[in-house]
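The block underneath contains the structure these notes are about, expressed in structure tokens.
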There are 2 protein chains.
Amino acid sequence: MYIALDLESEEPIYTQLKNQIIAGIAKKELRSGDPLPSVRSLASDLGINLHTVNKAYQQLKQEGFILIHRQKGVVVNPDGVPSVDEAYWSEITKRIHPIIAESVCRNVTEQDFLQLCRQIYAEFQSKE
Amino acid sequence: MYIALDLESEEPIYTQLKNQIIAGIAKKELRSGDPLPSVRSLASDLGINLHTVNKAYQQLKQEGFILIHRQKGVVVNPDGVPSVDEAYWSEITKRIHPIIAESVCRNVTEQDFLQLCRQIYAEFQSKE
DNA sequence: TATCTGTTATACATATAATATAACAGATAG
DNA sequence: CTATCTGTTATATTATATGTATAACAGATA
């Protein structure tokens, strides 16, 4: 799986890395049980520090996307990513809310906004 | 217009303030030409520093939500907030993308996601 | 035994967030 | 004219976040 980082971006490197791995899982380029590189090798490949990769991995682990075994290394959660629950639902509501507020102010119609969401959803199902 | 800040939140204070003003405009609690408090009085009311308010105001000004006249004070943009353009469209795409990636991983259906967006959209049109 | 793993601990540099004062220039009310 | 309020700018300080750099430890493996 290809990962491209923008070192000039305001978005922290560990966040970019995290989001690209999540996108990889969403696109099924990464499947349950698939191995991920070790923190050291991935850091080396990307030309960044071991701790930056580790921070991304730790958060992915904490959120249930991956498991980290002392023996087996790092793998995409074999049981699948935990499904939506109440806490997650309220979290994405909080994240979407300000985006929609802005869109309303800028005269983005509900239809245009929903169409954009459909388009992005489609992007994650193209390989199924 | 009532503003509630969470000083314990990870979200910066100036971002909370900015988003609540934008939400106020979206809900039409704030209309074109309406005055906003001076940086000093708002800072005093909220119990925060003048510069924190100023930072929020400067960004709102830079993004076209408000105007700041030396004479007339701070007002919601009398010409209305600039409508969506290509740059803004690509920006919200970037912001929504990782949210949808996560939702796909967590088995949030497209229908459920769209329904949430509709619900939030409705919240901003309840007073029209 | 040597090497690779995740993990932890320090240390350092830089940037951001938030506060605290202070001052300036323009406008306004008394 | 004077005093006050406006946005703005400039410094300084504190705390936290980000990213890097080394180093070490313990478990697993070849």
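A note on names: the letters A, B, ... follow the listed sequences, proteins ahead of strands, and every chain is numbered from 1.
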Of A:Asn19, A:Asp6, A:Leu5, the residue whose pairing with A:Glu11 passes side chain to side chain contact (heavy atoms under 4.5 Å, CB included): A:Asn19
Ionic contact status for B:Arg95 with A:Glu102, cut-off 4.0 Å: yes
What pairs of nitrogen or oxygen atoms, one from the protein and one from nucleotides 11-17 of chain D, lie under 3.5 Å apart?
none

Any side-chain heavy-atom pair of A:Ile99 and B:Ile99 under 4.5 Å: yes
Quick one: how far along DNA chain C does chain B reach, first to last nucleotide 5' to 3', anything under 4.0 Å to a heavy atom? C:dA17 to C:dA27
Sorted by position of nearest nucleotide on DNA chain D, 5' first, the leading residue of A:Leu50 and A:Ile13 is A:Ile13
For the pair made of CZ in B:Arg40 and C1' in D:dT4, what is the distance, rounded to whole Å? 11 Å
Euclidean distance, atom CD of residue A:Gln58 to atom C1' of D:dT18 [Å, nearest integer]: 16 Å
Cationic tip of A:Arg118 above B:Phe113 ring, under 6.0 Å, 45° of axis: no
Grab the CG-P distance between A:Asn49 and D:dT22 for me, whole Å please. 9 Å
From the list A:Asn77, A:Leu30, A:Leu60, A:Val76, side chain to side chain contact (heavy atoms under 4.5 Å, CB included) with A:Phe65 holds only for A:Leu60
I want to check something: taking the side chain as every heavy atom from C-beta on, are B:Lys27 and B:Glu123 in contact at a cut-off of under 4.5 Å? yes
